Protein chains: 2
Amino acid sequence: MARRRRAEMLEETRARLIDAARAAFAEKGYAGASMDELTARAGLTRGALYHHFGDKRGLLAAVVDRLDSEMAARAHEIGQRHTNAWEGLLAEGGAYIELARDPEIQRIVLLDGPAVLGDPSQWPSQNRCLLATMTTLETLSREGVVKPVDVEAAARLVNGAALNAALWVAASDDADVLERATDAFRQLASGLLTRDSSTTEY
Amino acid sequence: MARRRRAEMLEETRARLIDAARAAFAEKGYAGASMDELTARAGLTRGALYHHFGDKRGLLAAVVDRLDSEMAARAHEIGQRHTNAWEGLLAEGGAYIELARDPEIQRIVLLDGPAVLGDPSQWPSQNRCLLATMTTLETLSREGVVKPVDVEAAARLVNGAALNAALWVAASDDADVLERATDAFRQLASGLLTRDSSTTEY
DNA sequence: TATTTGACATACACCCCGTATGTGTCATTA
DNA sequence: TAATGACACATACGGGGTGTATGTCAAATA
């Protein structure tokens, strides 16, 4: 086995720690996760952890950042599948709702994240999901499909509604809740449409 | 000074603990608040706390329950001021946004609450805010002002949007953010209107 | 090869929660 | 009114967890 370069090992330990933390935080919650146990499962000790991430919060921030990226990528990719931009926006919202059914995302990003790291809109990850929604809205606004709205404000509310719906869906076992939530989401979102588009498309 | 009845004292210690906890949780956050310090400030010890509330979570639940009641009462009262039910709903949403600017509500109900107690819609407080919105929507639906929506789903999304907007408003210092948020909220909410009402009233 | 840097491990101190146990006071009953 | 039981709260203890200070050893550099 060839000797690996130092930088490679460094990146690998970081990744191992983040993976272990992701699993531990998802399973036990942030407060319930023990750093000793977590690092041990990664074959390391707390020393490595504090060296790389400063403290427990820093580790959570790193985990959230990765999850946030994955979410944005998936949601945006789903949105892109639609040629119709408006349907794309709706699909994007629906994607958030479905994404948040993932217990990891639920627990880490939606529950513990805000409590420990503060308001998501201030996260260094820039809340990539929000940015994605904003660009989509920007396009739709230029095309005259949606009213000339304050793009940032609208994007925040749309995402907020979607995420809240996601929590609801996740907490209830009913299968039809997902459909009820997405339907309501479509109705709400239609409030952004211009009157023209609302008659033709909705 | 007349001797007070035992039940009175019991209620008073409960209230003192809740008040102290409310202040401590708001200032230091749930995790950062020490039970020793908190109870000492109330002139008691942890013994009283565990006797009345079981554990730290129980105390938070009690605090949240009180805050939730206060919020619902205020929002509903504001909504009642409007004779027009639709304007009442909008005002109610706006009230949530303003209420959530209160640092206590922000930190305790919106951030720590969900992380520690789980999804708000499962709280024993029944999420009074949500119920208030649902009844309002129910009325509007019967009157034909809003489309025949799934009342619960719509209420959840509307509230979610409002609360998310509140976090945004609270985190940013800009004065005009509040107006931008409320405007966007009105637009979004208009998606629930029937076409008739949307032409006459909006 | 000598030296220095840095990635990690080890050890220590402090804090905090939950529980088990003790104590005094108030209601109740004879 | 004296005894008894329940209850509200205080005290004491044990376990665990975080953060920091210190040590160690390999890799990079000259």
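Numbered from 1 within each chain, the chains take letters A, B, ... in sequence-line order. Everything numeric in this text was worked out from a predicted model, so none of it was measured.
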TODO: Provide, to the nearest angstrom, the distance between the CE atom belonging to B/Met35 and the P atom belonging to D/dC9.
DONE: 15 Å
Task: Check: A/Asp174 side chain, A/Val177 main-chain N or O, donor-acceptor pair, under 3.5 Å - done: no
TODO: Identify, between A/Ala31 and B/Leu44, the residue whose nearest nucleotide on DNA chain D lies closer to the 5' end.
DONE: B/Leu44
Open item on the list: Can you tell me which nucleotide in D/dT20, D/dA12, C/dA9 comes closest to the side chain of B/Arg46?
Closed with: D/dA12
TODO: Please determine if a side-chain N or O atom of A/His51 lies less than 4.0 Å away from the OP1 or OP2 oxygen of C/dC8.
DONE: no
- [ ] Verify side-chain hydrogen bond (donor to acceptor under 3.5 Å, both in side chains) between A/Thr194 and A/Ser197, making sure each step is shown before the conclusion.
- [x] CA-CA 5 Å; A/Thr194 55; A/Ser197 350; 2.4 Å; yes
Task: Nearest-0.5 Å distance, CD of residue B/Glu70 to CZ of residue B/Arg128 - done: 10.5 Å
Open item on the list: Of the listed nucleotides (D/dT18, D/dC9, C/dA9), which one gets closest to any side-chain atom of A/Ala48?
Closed with: C/dA9
Open item on the list: Please report the distance, rounded to the nearest Å, between CZ in A/Arg57 and C1' in D/dG17.
Closed with: 18 Å
- [ ] Please work out if B/Ala33 contacts a base, only the sugar-phosphate, or nothing of the nucleic acid, heavy-atom cut-off 4.0 Å.
- [x] sugar-phosphate
Task: Rounded distance (Å) that lies between atom P of C/dC17 and atom NZ of B/Lys28 - done: 12 Å
TODO: Please check the phosphate of C/dC8 (OP1 and OP2 only) for any side-chain N or O of A/Thr13 closer than 4.0 Å.
DONE: yes
Open item on the list: For B/Glu77, is the CD atom crowded, meaning more than 12 foreign heavy atoms sit under 6.0 Å from it?
Closed with: yes
Open item on the list: Using a 4.0 Å heavy-atom cut-off, does B/Thr45 contact any base of the nucleic acid, only the sugar-phosphate backbone, or nothing at all?
Closed with: base
Open item on the list: When you measure from the side chain of A/Lys56 to the backbone of A/Ala33, do you find a donor-acceptor pair of N or O atoms at a distance under 3.5 Å?
Closed with: yes
Task: Candidate nucleotides D/dT18, C/dC17, C/dC8, ranked by approach to the side chain of A/Lys56 - the nearest - done: D/dT18
TODO: In whole angstrom, give the distance that lies between atom CG of A/Leu38 and atom C1' of D/dG19.
DONE: 16 Å
Task: Between P of C/dT19 and OH of B/Tyr50, the distance in whole Å - done: 8 Å
Open item on the list: What is the distance, to the nearest angstrom, from the CG atom on B/Leu60 to the P atom on C/dC16?
Closed with: 18 Å
Task: Atom-pair distance (CD on A/Glu11; C1' on C/dA7), nearest Å - done: 13 Å
Open item on the list: Between P on D/dT20 and CG on A/Leu49, what's the gap in Å once rounded to a whole number?
Closed with: 13 Å
